[in-house]
There are 2 protein chains.
Amino acid sequence: MTINEKITFTETSPEDRSLAIREALRNAIIDRRLTPGTKLSESEVGSLFDVSRTVARAALQMLAFEGLVKTERNRGAFVSNPSPEEAKQIFASRRLIEPGIVAAAIERITPADIEQFRRQLEEEERYMNERGPAARRAEIKASGDFHLMLASVAGNLILQKFMDELVARSSLVIALYGRSGVSSCGHAEHSAILDALEKGDGRQATQLMIHHIDHIEADLDLQLKQGLGLKDALALT
Amino acid sequence: MTINEKITFTETSPEDRSLAIREALRNAIIDRRLTPGTKLSESEVGSLFDVSRTVARAALQMLAFEGLVKTERNRGAFVSNPSPEEAKQIFASRRLIEPGIVAAAIERITPADIEQFRRQLEEEERYMNERGPAARRAEIKASGDFHLMLASVAGNLILQKFMDELVARSSLVIALYGRSGVSSCGHAEHSAILDALEKGDGRQATQLMIHHIDHIEADLDLQLKQGLGLKDALALT
DNA sequence: AATCCCAAGATTGCATACGATTTATCCACA
DNA sequence: TGTGGATAAATCGTATGCAATCTTGGGATT
């Protein structure tokens, strides 16, 4: 797979172009337009975005830092190919952090937030009922955005950054090991969590969140490719 | 404050020099040899380590990503000056993550690990009983290393990276807002946590960890400088 | 036919150069 | 004496060039 479609800037970036490129690549990765193993060469990225290798390189470095990209010395950058072990660690981390985020969010959530969440869930549902890869991608993205909005409401910027990374990497993991239509039940669970938040029932909200994460991970097929280090390497190129 | 002492490479780095520079600067920051607000100009860092601005810049970008350094466009990089609000968020994050790390560590800790922890605690104690700024610095570093070792034993690389960041940033916070001789009681608490781990008493170990974090945060003076945005800005230069 | 080796091409690692922006200095002027 | 503005210095943002390293393809040898 190569980068064949022109990736558009979502906004005119007056400055800090490497940040904009990072965002564009991030979106492409969590959208699965760039699949694990895809090579991201500095010159190719640079010419796609009409910048020099220097700034392309900076964007790739940032992505490497958050684990979405792996760089090999003198070889280049590749979209990460998380191992089952990594996948487990990602979800273990989420199980640790997200209940805390729910607990913090329930203290700070406002009616306006609730309203925004409802709109978000409607969007999820809309994509859920559509067919086609584009809708599927949008659904995955919207599903992740629910968790990120929650982190945003919680009001802890550090945890928010961690969740940014974890949600993005989860998306990669689901792309690799996902078994079914990802969030067919996920959407209902998001709804239930939001209901609990609205009622102010923190205990239930955190419980629902834990189960939600359990369900996402349960939908993965982490055993199959466990011992296939060689095949993984082959899949890389 | 300027960078006036030659910072030595801990190891001969055959390659990936930016990583080595990042490590050296990281250590200098958590050791408080570089205090919050210190400017880290690309050329200065570069010439100190005998590299070009390109690689110095890469190191600074990494530090900015983990929150130890803040960059301002066209102005440069400065050692972070965390606000009281940031400090609270850092400790809130630790309260969320570290109990989970303790719980994971107790499942995996080996007698060899215990032995290593004991040696680590002896070192803490040695520095605690010494006087002088160098010993104080070493004590702070050793105290943080206890938490990082725990994260390492827990075996989750993602959480380990998060803790790396949180411990380093905590060190900055303590430098800014710390009230007393930091870990006079901290050492005893580390010992107690280790004892609980050795006994296999997970419930007690996590409780002790939570209290330990509470105590560290309680030792901070976060109210005083809360409204002084202006003075903070002044302290920057 | 399979294997090994070497050279050509491609890509990264790094240094340097130049324009843009910010900061500092100094002089004019009120 | 203090203020304003213009010029100079310093620093960053970015592009580009060269050397080092890796990959690839072809040809010779067994």
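Below, chain A is the first sequence line, B the second, and so on; all start at residue 1. Just so it is clear, the model here is predicted, and its values are computed rather than measured.
- Here dT22(C) presents its C1' atom at 14 Å from CD of Glu42(B), a figure rounded to the nearest Å.
- Taking 4.0 angstrom as the limit, Arg75(A) places a side-chain polar atom (N or O) nearer than this to OP1 or OP2 of dT23(D).
- Proximity of Arg17(A) to the phosphate of dA15(D): a side-chain N or O atom is located under 4.0 Å from OP1 or OP2.
- Arg126(A) has no carboxylate O lying under 4.0 Å from a charged side-chain N of Glu130(A), or vice versa, which leaves the two without a salt bridge.
- Residue Arg53(B) places no side-chain N or O under 4.0 Å from the OP1 or OP2 atom of dA15(D).
- The separation between Glu72(A) atom CD and dT12(C) atom P is 12 Å, rounded to whole Å.
- One atom, CZ of Arg73(A), and another, C1' of dT23(D), lie 17 Å apart when rounded to the nearest Å.
- Note: His212(B) and His190(B) have perpendicular aromatic rings, judged against thresholds of 30 and 60 degrees for the angle between ring planes.
- When the P atom of dA10(D) is taken as reference, atom NZ of Lys39(B) falls 12 Å away, rounded to whole Å.
- Using a 4.0 Å cut-off, some side-chain N or O of Ser52(A) falls inside it from OP1 or OP2 of dA15(D).
- The minimum heavy-atom distance between Asn156(A) and Gln89(B), with the atom names listed, is ND2-O, 3.2 Å.
- Residue Thr54(B) places no side-chain N or O under 4.0 Å from the OP1 or OP2 atom of dT16(C).
- A donor-acceptor pair is defined here as one N or O able to donate and one able to accept, closer than 3.5 Å; no such pair exists between the side chain of Lys88(B) and the backbone of Glu217(B).
- Residue Ser41(A) places its side chain closer to dT12(C) than to any other of dC14(C), dT14(D), dT12(C).
- Distance, Asp50(A) CG to dT14(D) P: 14 Å, rounded to whole Å.
- The bend of the helix from dA1(C)-dT30(D) to dA30(C)-dT1(D), defined by the angle between the axes of its first five and last five pairs, stands at 10° to the nearest 10°.
- The CZ atom of Arg137(B) lies 12.0 Å from the CD1 atom of Ile30(B); values are rounded to the nearest 0.5 Å.
- Taking atom CD1 of residue Ile21(A) and atom C1' of nucleotide dT14(D), one finds them 12 Å apart after rounding to whole Å.
- Distance CD/Gln61(A) to CZ/Arg22(A): 12.5 Å, rounded to 0.5 Å.
- Of the residues in residues 59-69 of chain A, none lies under 4.0 Å from DNA chain C by heavy-atom distance.
- Between the CD1 atom of Ile29(A) and the CZ atom of Arg169(A) there is a distance of 11.5 Å, given to the nearest 0.5 Å.
- Separation of atoms CZ (Arg17(A)) and CZ (Phe49(A)) is listed at 12.0 Å; rounding is to 0.5 Å.
- The closest donor-acceptor contact from the side chain of Ser80(A) to the backbone of Pro82(A) lies at 3.5 Å or more, if one exists at all.
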- [ ] Applying side chain to side chain contact (heavy atoms under 4.5 Å, CB included), run through Glu124(A) and Asp145(A) and close with a yes or a no.
- [x] CA-CA 10 Å; Glu124(A) 261 186 37; Asp145(A) 284 345; over 6 Å; no
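- Which of dT22(C), dT12(C), dA15(C) sits closest to the side chain of Asn74(B) comes down to dT22(C).
- Here the P atom of nucleotide dT12(C) and the CZ atom of Arg57(A) are 8 Å apart, to the nearest Å.
- Across the protein-nucleic acid pair, Phe49(B) atom CZ and dA15(C) atom C1' stand 18 Å apart, rounded to whole Å.
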